[in-house]
Amino acid sequence: MPQGSSHRPHQVAVIVDEGTNPFEVGVATELFGLPRPELGLPGPLYEVTLCTPAPEIRMNHGFFTLTGVPGLEAVDGADTLVVPGRPDNVVPRAPAVLDAIRRAHARGARVLSFCTGTFALAEAGLLDGRRAATHWRWADSFRRLHPKVLLEPDVLFVDEGDLLTAAGSAAALDLGLYVWRRDHGAEIANHVSRRLVFAAHRDGGQRQFVERPVPEVRDESLAPLLAWAQERLGEPLTVADLAARARVSPATLHRRFRAQLGTTPLAWLTAERVALACRLIERGEERLDVVAARSGLGTAANLRARLRRATGLSPSAYRRRFGAGGGEALVS
């Protein structure tokens, strides 16, 4: 059953420190703090609490001053802690902030960082020997300050289980939607992404920044092609079919996918098919061969392998966790 559906809402604390970027605080509250009546659930799945190390906190460049919110003791009741970034990454964090991060992690809370919030997690000593992402602009500085962290400089986000790090401010949205999928499945995450008017699934391994040259003659956006393909995922679509639809060579299509999406046509097509398979399972389809056929994954064996690679779960385990009926095993 999706996390939070039969008990109190999942508690999310967001640390707002001196100089914190307002955008990333907004991302956290937008993702996890807003009511979502469109989901048709009896109550919220998440509740957000902002907390600060001082009664009055000036955010980045003094654009906002935050007052009247709880102190860092609010971290001690959180199931998930979010640490947004700030631009002055060489200035040490306040000891109270680092202690709060360590306390949360030590008692088993999930810890997320947005953009350069990764610096705070590393400064707290949580990332030594672990993989992490941060904004490409500060990658060299991060390596100098935290050489024991396994920085992945060219990805959107990294999931280390209890520690999840997003590379930039916009990548925080990608990570947040990924957390929605991990907690509550693809169907609910898609509802959230539609309300955000944001891509439902950008894989964490995609590049942080992509080339978007201004077209000289015609619009070369992939959006019409992607929409066409998403309506036909159950058909035996290949990269050659996508290229033919776009009226370009497979090599040109590959370059456009790399430039506009930071991934390959085959990887995009596979990810879309896995996401469709997840939605079919969540909606109650019990026959693996039917799910595999309708999602374009072909065979039950391929479905099992792809789903486990994407979610860490077998189809039956995925249905027990996210399916509408829950419990029953999927059958081939």
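Note that CG of D183 is 11.0 Å distant from CZ of R181, once rounded to the nearest 0.5 Å. L164 contributes atom CG, which lies 5.5 Å from atom CG of L175 (distance to the nearest 0.5 angstrom). R93 CZ to D88 CG: the interatomic distance, rounded to the nearest 0.5 Å, is 7.0 Å. Atom CZ of R130 is separated from atom NZ of K148 by 15.0 Å, given to the nearest 0.5 angstrom. The distance from the CE atom of M59 to the CG atom of L66 is 6.5 Å, given to the nearest 0.5 Å. Remark: L266 CG to H254 NE2 distance equals 9.0 Å, nearest 0.5 Å.
Judged by distance alone, the side chain of W180 and the main-chain N or O of L31 form a donor-acceptor pair under 3.5 Å. A donor-acceptor pair under 3.5 Å is absent between the side-chain atoms of R110 and the main chain of T80, judged by distance alone. In terms of modelled atom types and a separation under 3.5 Å, the side chain of T116 and the main chain of F119 share no donor-acceptor contact. Listed for the D241 side chain is a donor-acceptor partner under 3.5 Å among the backbone atoms of T238. Judged purely by atom type and a 3.5 angstrom limit, E24 has no side-chain atom pairing as donor or acceptor with the backbone of P22. Looking at E282, its side chain does come within 3.5 Å of a backbone N or O of E187 through a donor-acceptor pair. Formation of a donor-acceptor pair under 3.5 Å by the T29 side chain with backbone atoms of G26 is found in this model.
Two residues are said to be in side-chain contact when any heavy atoms from C-beta on lie closer than 4.5 Å; E18 and V97 fail this criterion. The shortest distance between side-chain heavy atoms of I15 and T52 does not fall below 4.5 Å. Annotation: side chain of L253 is in contact with side chain of L225 (closest heavy-atom distance under 4.5 Å). Residues L233 and L269 have side chains in contact (heavy-atom distance under 4.5 Å, counting atoms from C-beta outward). In this structure, L242 and W228 have side chains that are in contact, with non-hydrogen atoms separated by less than 4.5 Å. Side chains of T49 and V69 form no contact here, defined as non-hydrogen atoms less than 4.5 Å apart. In this structure, F322 and L313 have side chains that are in contact, with non-hydrogen atoms separated by less than 4.5 Å. Side chains of V91 and R86 form a contact here, defined as non-hydrogen atoms less than 4.5 Å apart.
With 3.5 Å as the limit, one finds a donor-acceptor pair spanning the side chains of T118 and S113. When only modelled atom types and interatomic distance are considered, H191 and R194 share a side-chain donor-acceptor pair under 3.5 Å. Between D17 and T20, the side chains place no donor N or O within less than 3.5 Å of an acceptor N or O (distance only, hydrogens not considered).
Across all non-hydrogen atoms, the minimal contact from V179 to Y46 is O-OH, 4.0 Å. Closest of all the heavy-atom pairs between R319 and G284 is NH2-O, 3.9 Å. A pairwise comparison of heavy atoms in A124 and I101 identifies CB-CG2, 4.1 Å as the closest pair. When all heavy atoms of A171 and A166 are compared, the pair lying nearest together is O-CB, 3.8 Å. Among all heavy-atom pairs drawn from A186 and Y318, the shortest one is N-OH, 3.3 Å. Between P236 and R273, the shortest heavy-atom contact is C-NH2, 4.2 Å.
Scanning for side chain to side chain contact (heavy atoms under 4.5 Å, CB included) contacts around A251 gives S249, R255, with sequence neighbours left out. Legend: residues meeting side chain to side chain contact (heavy atoms under 4.5 Å, CB included) with E231, ordered by chain and number and at least two apart, are absent.
Using a 4.0 Å cut-off between charged nitrogen and carboxylate oxygen, R287 and E285 count as a salt-bridge pair. With salt bridges taken as basic N to acidic carboxylate O contacts below 4.0 Å, one links D159 and R182.
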Step by step, work out the side-chain contact (heavy atoms from CB on, under 4.5 Å) result for F32 and V14. CA-CA 10 Å; F32 302 118; V14 182; over 6 Å; no
Using side-chain contact (heavy atoms from CB on, under 4.5 Å), reason through L226 and L261 one step at a time and then give a plain yes or no. CA-CA 11 Å; L226 302 184; L261 300 180; 4.0 Å; yes
Decide side-chain contact (heavy atoms from CB on, under 4.5 Å) for R308 and S314; before the verdict, give the C-alpha distance in whole Å, the side-chain angles of both, and the deciding distance to 0.1 Å. CA-CA 5 Å; R308 186 175 291 278; S314 68; 3.2 Å; yes
Please determine whether side-chain contact (heavy atoms from CB on, under 4.5 Å) holds for the pair L297 and L307, giving the CA-CA distance in whole Å, both sets of side-chain angles, and the decisive distance to 0.1 Å. CA-CA 10 Å; L297 290 173; L307 190 66; over 6 Å; no
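F114 and L98 are members of different hydrophobic clusters when ILVMFWY side chains are connected at heavy-atom separations under 4.5 Å. There is a path of hydrophobic side-chain contacts, each under 4.5 Å, that joins F23 to V25. Under a hydrophobic-cluster definition in which Ile, Leu, Val, Met, Phe, Trp and Tyr are linked whenever side-chain heavy atoms come within less than 4.5 Å, directly or via other members, V83 and L145 are assigned to the same cluster. Hydrophobic clustering places V239 together with W268 (ILVMFWY residues linked when any side-chain heavy atoms are closer than 4.5 Å, directly or through intermediates). Residues L39 and L34 do not share a hydrophobic cluster, defined by chaining ILVMFWY side chains whose heavy atoms lie under 4.5 Å apart.
Partner of I57 under the side chain to side chain contact (heavy atoms under 4.5 Å, CB included) criterion, out of L50, T67, V16, T65: V16 alone.
Within 6.0 Å of atom CZ in R294, 12 or fewer heavy atoms from other residues, nucleotides or ligands are found, so the atom counts as exposed in its surroundings.
Ring geometry, H146 versus F142: the interplanar angle falls from 30° to 60°, so the pair is classed tilted.
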